[in-house]
Amino acid sequence: MKAKLIDGKAVAEQINGETAAGVARLKNEHKLQPGLAVVLIGDDPASQTYVNMKSKKSAELGIHSEKRILPKETTQQEVLSIIEELNNDKRINGILVQSPPPPHIDEDAIINAIRPEKDVDCFHPENVGRMLNGEEDGFMPCTPYGVMMLLKYSGINPDGKHAVILGRSNIVGKPMMALLVQKTKGANATVTVCHSRTQNIAHYTKQADILIAAIGKPEFVKADMVKEGVIVIDVGMNRVKDASHPKGFRNTGDVDFKNVSEKASYITPVPGGVGPMTIATLMRNTLKACMIQNKIR
Ligand code: GUN
């Protein structure tokens, strides 16, 4: 393999160490413990795994965590009343509703019901707006923020580089675009966003200095779609059937890692790349939420 591996696990551990230190300081100096509520509606196995990982990491870092696992038949009104309860719960500083919810749930209405001070995902329109305007003291969306940190810790400066994003979701593609294009240190990229209606995607991916894949298609990005020396960030997490694995499936990214890593200068693995960063930034946001709500600098 030619590319340098970007070790998301190692970077996430470093950030989690800082968060744990912050949590300990809050406990010692202010007798406070940050609290995170994670809401899961339905029984999607991948979502269950993510929710469990978030709760486990909270416990490891000293953050109080509550899991609310709701059956898939839960009504919109029932979810809204749980959000209201969590909005008013002093032990809870951060609220996260795992996406995607079942189809009968209006996700936007749920997000809008979360108090912006507790919106550690940075999905609420008020927080999205602040982030888009370049306010740096608010929340940052977990996955794109994790990607920015991976670039920083790898010594990669996006300034003046052409970043091509595959995917325009509210969770990754759109906020990723906003963070990369920002007129600030560690950003200043020229950004292109490709999506399902883009014609001749390879035309754009071949021009990428930094390629960020977040379209949810296993091994979509092939070696002949990228230029020599490209920096590849793979946000994909796809379950593909594989009888040779004990669980009957394996997780793979949106990039054909084996072949693309022969051409790239840097690449993130899946798993062990962006995934651990998403959780680390969530923990960091939860600590920040607790500090803001208690007016601690
Ligand atoms: N589903 C996939 N990524 C995320 C995330 O960062 N937050 C939430 N709430 N759901 C997700």
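The basis for the numbers below is simple: all heavy atoms, side chains too, and nothing from hydrogens, waters or symmetry mates. Just follow the structure's listing: the first ligand is 1, and inside any ligand the first atom is 1.
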- prompt: Counting only heavy atoms, which portion of V97 has something under 4.0 Å from ligand 1: side chain, backbone, both, or neither?
  reply: backbone

message: Checking contacts here: is it the side chain or the backbone of Y50 that comes within 4.0 Å of ligand 1, counting heavy atoms only? Could be both or neither.
response: neither

Above 12 or not: heavy atoms from other molecules or residues under 6.0 Å from [atom1] of [X]?
X    : atom1 : value
K2   : NZ    : yes
K263 : NZ    : yes
K222 : NZ    : yes

- prompt: Is I267 linked to Y153 within one hydrophobic cluster, defined over Ile, Leu, Val, Met, Phe, Trp and Tyr using a side-chain heavy-atom separation of less than 4.5 Å?
  reply: no

- request: Would you check if there is a donor-acceptor pair between the side chains of E84 and N88 at a distance under 3.5 Å?
  value: yes

message: Can you confirm whether the side chains of S58 and H64 place a donor and an acceptor under 3.5 Å from each other?
response: no

To which protein heavy atom is [atom] closest, and what is the distance rounded to 0.1 Å?
atom                    : answer
atom 3 (N) of ligand 1  : I171 CG2, 4.0 Å
atom 11 (C) of ligand 1 : Q98 NE2, 3.3 Å
atom 1 (N) of ligand 1  : S99 O, 3.0 Å

Numbered atoms and elements of ligand 1 in range of L96, under 4.0 angstrom, heavy atoms: 9 (N)

message: Between ligand 1 and T278, is the shortest N or O to N or O distance under 3.5 Å?
response: no

Residue selection (non-hydrogen contact nearest atom 8 (C) of ligand 1) among V235, D121, T281: D121

